[in-house]
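Below: the structure, in structure tokens.
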Number of protein chains: 2
Amino acid sequence: MLSKSQIKLITSLKQKKYRLQHGFFVVEGTKTIKELLQSKLTLQALYTTETFNIDAKDEILISKADLKRISFLTTPNKALAVFKIPKPKPINLNGMIVALDAIRDPGNLGTIIRLCDWFGIKDLLCSKETVDCFNPKVIQATMGSITRVNISYVDLAAFLSKAEPPVFGAFMEGETVYKKQLPNSGILVMGNEANGISKQVEATIDEKISIPRFGDLQATESLNVATATAILLSEFRRS
Amino acid sequence: MLSKSQIKLITSLKQKKYRLQHGFFVVEGTKTIKELLQSKLTLQALYTTETFNIDAKDEILISKADLKRISFLTTPNKALAVFKIPKPKPINLNGMIVALDAIRDPGNLGTIIRLCDWFGIKDLLCSKETVDCFNPKVIQATMGSITRVNISYVDLAAFLSKAEPPVFGAFMEGETVYKKQLPNSGILVMGNEANGISKQVEATIDEKISIPRFGDLQATESLNVATATAILLSEFRRS
């Protein structure tokens, strides 16, 4: 049985305000939970309809009906876990870094975190306007990658203005990425879904790059920011 | 005012069965509707809270409350349009073609349609198990690209077994795409989100390709199929 206070705490974690206040976030789905249990994250509680065979103290067996009461999903999985939000580690300025300027869609952020993991990007910087990475929809989309990428929320324009060049930015009117000599390290900035990179951040960009369009030039509007990030990271890594 | 039969027809179009039966599909959002109005698609009816200044016969001004009754969205936009499902055109076998083997997620299919549009891919083949491209969530994700890509549902294994080589397939254990000489035309097959390319389709593949992983080899599981498609199409086009 779940207590009222447990239900209240868990459901409050849908909102960033309460995640910050309590220092916890929610993960759903057996597979992702198992992956997070193997990471350095600290489990606060595991609510599950089937035992995980872990330390009994942390595991609370509940009914499907109870899971439905606390789940954020329309069709709940078999388990929901509450983990402590980890402290971000210092940013490693020597590697390749991705920086996001006001990415709003949780699915896009989740996909970009998964891409960073795939391409061995250790640090992801997010402007303060970017969606919270502990948003349940972000966690769902990362497929466990959240444990392997160090995510820091920073004043992006201020950070980049002091960063070592080169700072690359994705712009519709940038230079074709296929023709550029790309370094092994540097910062790649991706902009907001609707408005691209903001004026303040644009002022800190050393090199504007773009992905050439092969379709109808009049009609096709833009690439989704997550797919554009996929192509640009592939370009940095292949060279 | 909306009649009961209008409401019944429109809300039934959420389901593939009724889309096939009636031959109609639904589009929401002023921007996407305007884009579709400029295409060769045939409008059946436009339900809107603000006039589009088009032929009055096709436009039905409704209240926000009525829009909420027919909308598939939690937060309805200003308009909902019903279009006729177009007949697929013959497949052009001379260009670059993308083929999908049982893609289930509407967001993934929508993103892949948008990518085809960007990279000038005129034909997209879908196995019969692939999610319907007139699913409202697919239409939403295509951002209007659905009008510029010819989508055909086929028996994929049968089609590919008769196709001219080379047929490329994305496999985890494939040859690194960065080291391959890629042609300007050919067929690129992408597999199901969980299971990849099926055995029957695999038997028709001439060349298995993969995107190298740069992150932790033990942990990072896979790339999302839409981001993998983005990277592979970029590789075909850049060469």
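Each chain gets a letter, A, B and so on, in the order its sequence line appears, and its residues count up from 1. Treat the numbers as computed from the prediction; the structure is a model and nothing was measured.
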Identify which of B:Cys116, B:Pro212, B:Ala228, B:Ala141 forms the greatest number of heavy-atom pairs closer than 4.5 Å to chain A. B:Pro212

Chain A contact via B:Thr111 - side chain, backbone, both or neither, heavy atoms under 4.5 Å: side chain

More than 12 foreign heavy atoms under 6.0 Å from CZ of A:Phe72: is that the case here? yes

Considering only heavy atoms from C-beta outward, does the side chain of B:Phe119 approach that of A:Ile231 to under 4.5 Å? yes

Do A:Asn224 and B:Arg114 have side chains that approach each other closer than 4.5 Å (heavy atoms only, starting at C-beta)? yes

More than 12 foreign heavy atoms under 6.0 Å from OH of B:Tyr18: is that the case here? no

Could you have a look at B:Val177, B:Ile211, B:Thr176 and say which one has the most heavy-atom pairs with chain A under 4.5 angstrom? B:Ile211

A:Glu235 versus chain B, the contacting section by heavy-atom distance below 4.5 Å: side chain

State, yes or no, whether a side-chain contact exists between A:Arg237 and B:Arg213 at a heavy-atom distance under 4.5 Å. no

Flag if over 12 foreign heavy atoms under 6.0 Å of CD, A:Glu129: yes

Heavy atoms from other residues, nucleotides or ligands near NZ of A:Lys208 exceed 12 (cutoff 6.0 Å): yes

Does B:Glu173, at its CD atom, have more than 12 non-hydrogen atoms belonging to other residues, nucleotides or ligands within less than 6.0 Å? yes

Let's go through A:Lys179 and B:Arg238 carefully: what are the C-alpha distance in whole Å and the side-chain angles of both, what is the deciding distance for side-chain contact (heavy atoms from CB on, under 4.5 Å) to 0.1 Å, and is it a yes or a no? CA-CA 9 Å; A:Lys179 290 185 180 156; B:Arg238 82 193 299 285; over 6 Å; no

What heavy-atom pair brings A:Ala226 and B:Thr227 nearest, and what distance separates the two atoms? O-CG2, 4.3 Å

